[in-house]
J.: 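One structure is given below, represented as structure tokens, and several questions about it will come after.
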Amino acid sequence: MKINNTMSGKKEEFIPIVPGKIKMYVCGPTVYNYFHIGNARPFLFFDVVRHYFQYLGYQVTYVQNITDIEDKIIAQSIREEIPFQAVSEKYINAYYEDLAKLGIAQADIQPKATSVVPQMVTLIEKLIQNGHAYEMNGDVYFSVESFPGYGKLSGKKIDEQRAGSRVEENKEKKHPGDFTLWKKSKPGEPVWQSPWGEGRPGWHTECVVLSRENLGDTFDIHGGGIDLVFPHHENEIAQAESLNGKPLANYWMHNGFLNIEGEKMSKSENNFFTAREVLEEYSAEAIRFFFLSKHYRSPIDFNRAILEESDRAVKNFYNTFRDINFENFKTESLTTGEELTWAEAEFREAMDDDFNTAKALALLFELNKKAHSNELSFDQKKASTLLLYKLGSVLGFFQDMNAFDTKPIDSDLDAFVQAQIQIRNKAKAEKDWATADQIRKNLIEKGIELMDTKEGTEWKQK
RNA sequence: GGCGACAUCGCCAAGUGGUAAGGCAAGGGUCUGCAAAAUCCUCAUCCCCGGUUCAAAUCCGGGUGUCGCCUCCA
């Protein structure tokens, strides 16, 4: 198993700290709004990472924080004129809802930042004692010059940056790169008590506390979006290593950004979509396919055409399940036999190579082809289908086998359509093609499509 | 100014030295009253120029282009 480690910039052989067990931490949402489709990428990808490790037999502990105190949440609470807790609560619930709709399992531990404020205060106190942090008028800053390793993750050297060019110069700071650990509160803001007066913790400290509390001083994998490399993860490392000199995590994984129509997604461009908006138009499986069809570290472009392509691609699998009547043997145990072990081996080979999901998907399509081939026996096709289902499930597909089903939901509508089908079948029997086609046409105008199969006429709503 | 990524068929995309996976779209055949689905077949020499090598999309150098980070950001 090889993983591209941002720390070294290379693919490294993955060796867990404790054999058979994996501890991973991924930066979670700041709950001031519904999360957008770009946020969904790490959520979805690291969920696949977790499931793949579990498939390999590892026991995984997955921690993801929830940032429930932060400038944007406060701004939102002022805007909506409600307490900040009400804002965070609302969007935490929305977060869980959207994850579920996307077919993403929750992390094993999902602590809130506000649950560990005293621990953050303690950590900051230690950093002050160690000479790594200093207090100025109620604010506390981390001194980047006190930590020689600062910049080792991102490859940045603090003195080569354009100090103060894009950031407002803060005269309180000893060095322009010093970052806030504790922020003095302004009137009307939520406050916590501290040795430096009333205030609130900075963002970079919560992940240090939450990861170490739940996973120990050093854990296996720390993940997040590539934009977090600097400064967030760099700052986490600075704090953690300044405490005890131990690495915070052994492997740092970062996913590439999602662009919209080639442009960076941003509010000022007004070109971002929330995950729930996208889910109104496209299936969770199509979204999953879209993300997994490209390597996680590459930037990915989001647009309608691609989502529609993804949707059509995923439908192939469901057509296979439908045509072979997968429901009838879904629960049978998989006995791939020798002829299919290569497929699973190649699947693993792809995934073992820094999670090459695009290549893994190609294997799924090869199995799909076999599952549908007219040149193979039913048993051979059945074995391919079972393996397709198994490996697809590792990638998070096929959670809802009815996702592309034709089963009607509305019984009144079904009764109506069934009646139409009856009339049409009668016309067909009498070779009255004009009437039969007219009925098909009428129904299509209502968004209903008829399909004649050997078992009779089925219908689905578009 | 510093750091980094990327450029492969109409579109998406894998491929880090041995002669271009896969998906979507398209074209043709089969099946079907029609349609849908399915099935079979067809469909690229890898941005440009040099170099290394028996051999390069893959390595090196130089261009060109696109993008990201350096500020809250997945």
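To find a chain, count down the sequence lines: A is the first, B the second, and so on, and within it residues start at 1. No experiment lies behind these values; they were computed from the predicted model shown.
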J.: Is the A:Phe179 ring parallel, tilted or perpendicular to the A:His204 ring (thresholds 30°, 60°)?
T.: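 Ring orientation, 0 to 90° scale: perpendicular.
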
J.: Searching all strands shown, indicate the nucleotide that pairs with B:C3 (Watson-Crick or G-U wobble; both distances under 3.5 Å).
T.: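 Across any shown strand, B:C3 pairs with B:G68.
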
J.: Suppose we call a contact any N or O donor and acceptor under 3.5 Å apart; does that hold for the side chain of A:Asp437 and the base of B:G33?
T.: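 For A:Asp437, whose side chain was compared with the base of B:G33, there is a donor-acceptor pair (under 3.5 Å).
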
J.: Who are the side chain to side chain donor-acceptor pair (under 3.5 Å) partners of A:Glu234, not counting sequence neighbours?
T.: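 A:Glu234 satisfies side chain to side chain donor-acceptor pair (under 3.5 Å) with A:Ser154 only.
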
J.: Round to a whole Å and report the spacing from CZ of A:Arg41 to P of B:A74.
T.: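 So the CZ-P distance, A:Arg41 to B:A74, works out to 15 Å.
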
J.: May I have the distance from A:Ile448 (atom CD1) to B:A36 (atom P), rounded to whole angstrom?
T.: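 Interatomic distance, CD1 of A:Ile448 to P of B:A36: 18 Å.
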
J.: Nearest whole Å is fine: how far is B:C24 P from A:Asn303 CG?
T.: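 Atom-to-atom, A:Asn303 to B:C24, this comes out as 17 Å.
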
J.: Could you tell me whether A:Asn39 contacts a base, only the sugar-phosphate backbone, or nothing, with contacts defined as non-hydrogen atoms closer than 4.0 Å?
T.: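 Base, at least one base atom sits under 4.0 Å.
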
J.: Send over the distance from A:Tyr25 OH to B:A74 P, rounded to a whole Å.
T.: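 For the pair A:Tyr25 OH and B:A74 P, the rounded distance is 13 Å.
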
J.: B:U39 phosphate, OP1 or OP2: any side-chain N/O from A:Asn374 under 4.0 angstrom?
T.: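 False: A:Asn374 side-chain N/O out of range (4.0 Å or more) of B:U39 OP1/OP2.
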
J.: Whole Å only: how far is the CG atom of A:Asn319 from the C1' atom of B:U39?
T.: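 So the two atoms are 13 Å apart, to the nearest Å.
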
J.: So what does A:Leu258 hit on the nucleic acid, given a heavy-atom distance under 4.0 Å: a base, only sugar-phosphate, or nothing?
T.: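 Base contact.
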
J.: Counting primed atoms plus P, OP1 and OP2 as sugar-phosphate and everything else as base, spell out the protein contacts along nucleotides 14-23 of chain B at 4.0 Å heavy-atom distance: B, S or - for each nucleotide, 5' to 3'.
T.: SS-----BSB

J.: In this structure, how many angstroms lie between the C1' atom of B:C11 and the CG atom of A:Asp301, rounded?
T.: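 Rounding to the nearest Å, CG of A:Asp301 and C1' of B:C11 are 12 Å apart.
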
J.: Which ones in residues 90-104 of chain A lie close to RNA chain B, meaning a heavy atom under 4.0 Å from one of its atoms?
T.: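 Heavy-atom cutoff 4.0 Å gives no residues at all.
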
J.: Using a 4.0 Å heavy-atom cut-off across all strands, classify A:Gly38 as base, sugar-phosphate, or nothing.
T.: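 Counting heavy atoms under 4.0 Å across all strands, the contact made by A:Gly38 includes a base.
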
